[in-house]
Every structure is written in C-alpha cells, then in structure tokens.
Amino acid sequence: MIYHRRPSWHIPEALATDESTFFNRRQLLATMGLGGAASALIAQRAHAATKPGDEYLPTPERNDVYKAGDEREITDEEIASTYNNFYEFGSHKQISKKAQKLDTDNWMVKIDGEVEKDIEIEAADLTAKMPVEERVTRFRCVEAWSMVVPWICYPLAELVKFAKPTNDAKYVRFETFLDPKIARGQKQSWYPWPYVEGMTIKEAMNPVALMVVGVYGKVLPKQYGAPMRLHIPWKYGFKSSKSITRISFTKERPVSFWQEVSKDEYGFWANVNPEVRHPRWSQAEERVLGTTERIPTQKFNGYGEEVAGLYSDTLAKKEGVWLWR
Ligand code: MTE
C-alpha cells in the first residue's frame with residue numbers, strides 16, 4: 001500500500017528506535033540467501049510454526065505515513081508487555097503470566113451476520129490474505145495513561161472488504177473468546193462475558209483503524225490479545241478488543257461489554273477527547289508509560305486530520321459523538 005500524504009503527526013525516522021533492528025533483520029535474511037523460493041519457507045513458518053512472542057517472519061515493512069507525532073518515543077517493550085488490561089485474566093494490570101494459558105493454536109474466527117456468505121477461517125489463514133505492515137501509533141486508555149507502540153497489523157478496511165458485507169450492514173461487532181476454565185476472570189459473573197465491542201462500518205473502513213497480529217517485531221504475545229486484536233488509535237483503548245473469535249456485521253448498533261457494565265462511563269463512540277469529562281478520570285492530560293511525563297491529550301488522540309470527517313454527518317452530530325453514548 002502506498003501513501004503519499006504526510007499528516008501532521010509524523011515522527012522523524014531517527015525516533016523510531018527499533019528501526020536498526022528492523023533493517024538488520026532484513027539484511028540478515030538477504031545474506032542468508034532467503035529470497036525467492038526460500039521466502040515461501042518463511043511464509044510457511046510465519047503461518048504455521050511461529051508462536052506468540054516469536055520473531056515475526058517475514059518482517060513487515062514499516063508504513064512511514066501513519067506515525068505517532070514528532071515528540072513521542074516508542075514505549076519500552078518491557079513496560080508495554082507487562083502493563084495490560086485483559087479482564088479475562090484479572091481486573092489488574094499484571095496479567096501477562098496468566099494470559100499465557102490462552103491456547104492460540106488453530107484459532108478459528110467466524111465472520112457472520114449481514115454478509116454475502118458466512119465464513120469460518122483460521123486466524124493465520126486470514127492474516128496470510130492481508131497486507132501486513134508495521135505502524136507506530138499512539139495508544140490512549142480512558143484511565144488516562146498512554147503509550148506509543150510499533151504494531152504489526154493490517155488495515156481493518158481490508159478485513160471488511162474480505163467479509164463482503166451486504167448493503168444492510170451498518171455496524172461491525174467484535175466478540176472475544178469465552179473459556180472460563182483458562183480465563184478465570186470470566187468466572188466473575190458480574191461482568192457480561194464475552195467481551196464485545198463495536199463500531200460503524202464507516203469507522204472500520206477508515207485507514208487509521210487496524211487489526212493487530214504482532215508487536216515490537218514479534219508475533220502478538222498472548223497478553224496483548226493474541227492471535228488478533230483491534231487497535232483503533234483515535235478511540236479510547238477499551239474499544240480495541242483482544243483475542244477475537246467472531247466478527248458480525250449488523251443492522252443494529254451492538255452493545256459493548258463496557259456499555260453494559262456502566263453506560264455513563266464507557267460510551268459507544270468513545271473518541272479520545274480532552275474536553276469531555278469522564279466521571280472518574282480527567283481526560284485533559286495523559287500519563288506517558290515509562291516516563292514521569294504528563295502531556296496534554298489531543299482530540300481524536302491526534303488523528304483528527306484523518307477521522308474527524310467521520311463525525312460530520314447529522315446522525316453523528318445528533319448522537320453527540322463527543323459524549324459517551
Ligand atoms: N479486550 C478484551 N478482550 N478484554 C479486555 O479486558 N481491555 C481493553 C482493551 N481490549 C480488554 C480488551 C482495555 S480497557 C485496554 S486499555 C486495552 O485492551 C489494553 O491493551 P494492552 O493491554 O495491549 O495495552
């Protein structure tokens with residue numbers, strides 16, 4: 001995919017801290033003579049033999065248009081990998097060890113609802129059909145912390161096209177696995193399991209919306225929501241469902257997990273907005289993980305140039321996208 005326009009939130013290449021590793025890996029593959037026929041071997045390995053946390057092969061190219069902004073550095077991998085929200089494994093941040101119980105082998109994904117034909121596909125086969133790339137983006141949680149992460153991902157729009165929704169489809173609903181035997185958090189009956197999120201098809205088609213399959217040059221580790229999770233950079237982090245097993249196209253707006261828990265705190269739109277007060281956390285600033293910094297939060301998390309147009313129509317205005325509902 002080739003992008004020509006450079007939005008305002010670019011970072012210079014020099015700040016992309018793991019770039020040398022990126023090029024070294026490519027060089028290594030080249031000197032090993034792994035071009036042409038041998039790349040099939042790599043593809044096969046990427047499909048079948050890599051486990052969450054292994055190096056992602058073949059290394060995807062970094063998309064240097066969608067970046068995080070001049071002033072932001074990539075968050076230390078150790079910090080991002082051990083400070084996670086994944087309530088299936090506990091309602092605190094230190095779930096990375098417990099999440100290793102998740103069995104991601106032969107992970108099946110169902111695509112159904114308002115589509116030409118239901119599809120059941122293994123996550124790895126789905127990824128193999130997609131234009132995988134690396135993107136460095138900002139991630140902002142409604143709890144007022146943020147990070148900058150090099151995701152390995154593909155545009156969610158490509159998945160929507162693959163699904164072939166009918167003209168009746170207006171929304172996409174994402175459902176996470178349900179298995180209380182390994183995910184003990186799912187025994188907590190006051191939560192409306194499984195985790196569900198949703199968005200309009202127009203939002204899902206925006207080129208900033210991503211499906212993530214890796215991070216920091218690795219196959220997506222389990223605590224991040226292996227084998228596939230969303231990342232919607234202009235929305236609060238809770239919209240980015242992890243470990244997805246079902247993608248449904250619907251006429252009606254889906255009700256999300258957090259809306260069911262507390263609709264006044266977690267709305268459907270949930271666009272990052274420093275001006276809208278959350279009942280518990282001010283959204284004016286954010287704590288940058290791995291630093292002592294607090295920085296001002298930007299509208300749409302800095303991606304307004306790309307996404308503000310999504311909310312200019314009458315329906316969105318009437319529904320108050322700046323609010324939580
Ligand atoms: N997806 C599932 N299935 N379960 C969750 O608890 N937490 C959400 C989101 N996706 C969550 C989820 C929240 S609140 C945030 S902030 C992000 O995942 C955290 O992603 P990270 O752990 O990769 O930083």
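Below, each value reflects all heavy atoms present in this structure, side chains not excepted, and no hydrogens, waters or symmetry copies. Just follow the structure's listing: the first ligand is 1, and inside any ligand the first atom is 1.
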Side-chain donor-acceptor contacts of residues 96-106 below 3.5 Å, not counting sequence neighbours, with atom names and distances?
from: Gln100; atom 1: NE2; to: Ser96; atom 2: O; distance (Å): 2.7
from: Gln100; atom 1: NE2; to: Gln223; atom 2: OE1; distance (Å): 3.0
from: Asp103; atom 1: OD1; to: Asp105; atom 2: N; distance (Å): 3.1

Could you tell me, for ligand 1, which of its N or O atoms are under 3.5 Å from any protein N or O, listing the pairs and their distances rounded to 0.1 Å?
from: ligand 1; atom 1: 1 (N); to: Lys242; atom 2: N; distance (Å): 3.1
from: ligand 1; atom 1: 3 (N); to: Glu88; atom 2: OE2; distance (Å): 2.9
from: ligand 1; atom 1: 3 (N); to: Thr176; atom 2: OG1; distance (Å): 3.2
from: ligand 1; atom 1: 4 (N); to: Glu88; atom 2: OE1; distance (Å): 2.8
from: ligand 1; atom 1: 6 (O); to: Tyr87; atom 2: N; distance (Å): 2.7
from: ligand 1; atom 1: 7 (N); to: Asn85; atom 2: O; distance (Å): 3.4
from: ligand 1; atom 1: 10 (N); to: Ser240; atom 2: O; distance (Å): 2.8
from: ligand 1; atom 1: 20 (O); to: Arg229; atom 2: NH2; distance (Å): 3.3
from: ligand 1; atom 1: 22 (O); to: Asn84; atom 2: ND2; distance (Å): 3.0
from: ligand 1; atom 1: 22 (O); to: Asn85; atom 2: N; distance (Å): 3.2
from: ligand 1; atom 1: 22 (O); to: Lys242; atom 2: NZ; distance (Å): 2.6
from: ligand 1; atom 1: 23 (O); to: Arg229; atom 2: NH1; distance (Å): 3.0

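Between the side chains of Lys299 and Asn273, no donor-acceptor pair is found at a separation under 3.5 Å.
Residues passing the side-chain contact (heavy atoms from CB on, under 4.5 Å) test with Glu114, sequence neighbours excluded: Thr166, Asp168, Ala169, Phe249, Lys251. In this structure, the side-chain contact (heavy atoms from CB on, under 4.5 Å) partners of Glu260, at least two apart in sequence or on a different chain, are Pro192, Val255.
Between Phe89 and Phe86, the angle of the ring planes goes over 60°, which puts this pair in the perpendicular group of the 30/60° scheme.
The pair Asp112-Arg246 counts as a salt bridge, with a side-chain nitrogen and a carboxylate oxygen less than 4.0 angstrom apart.
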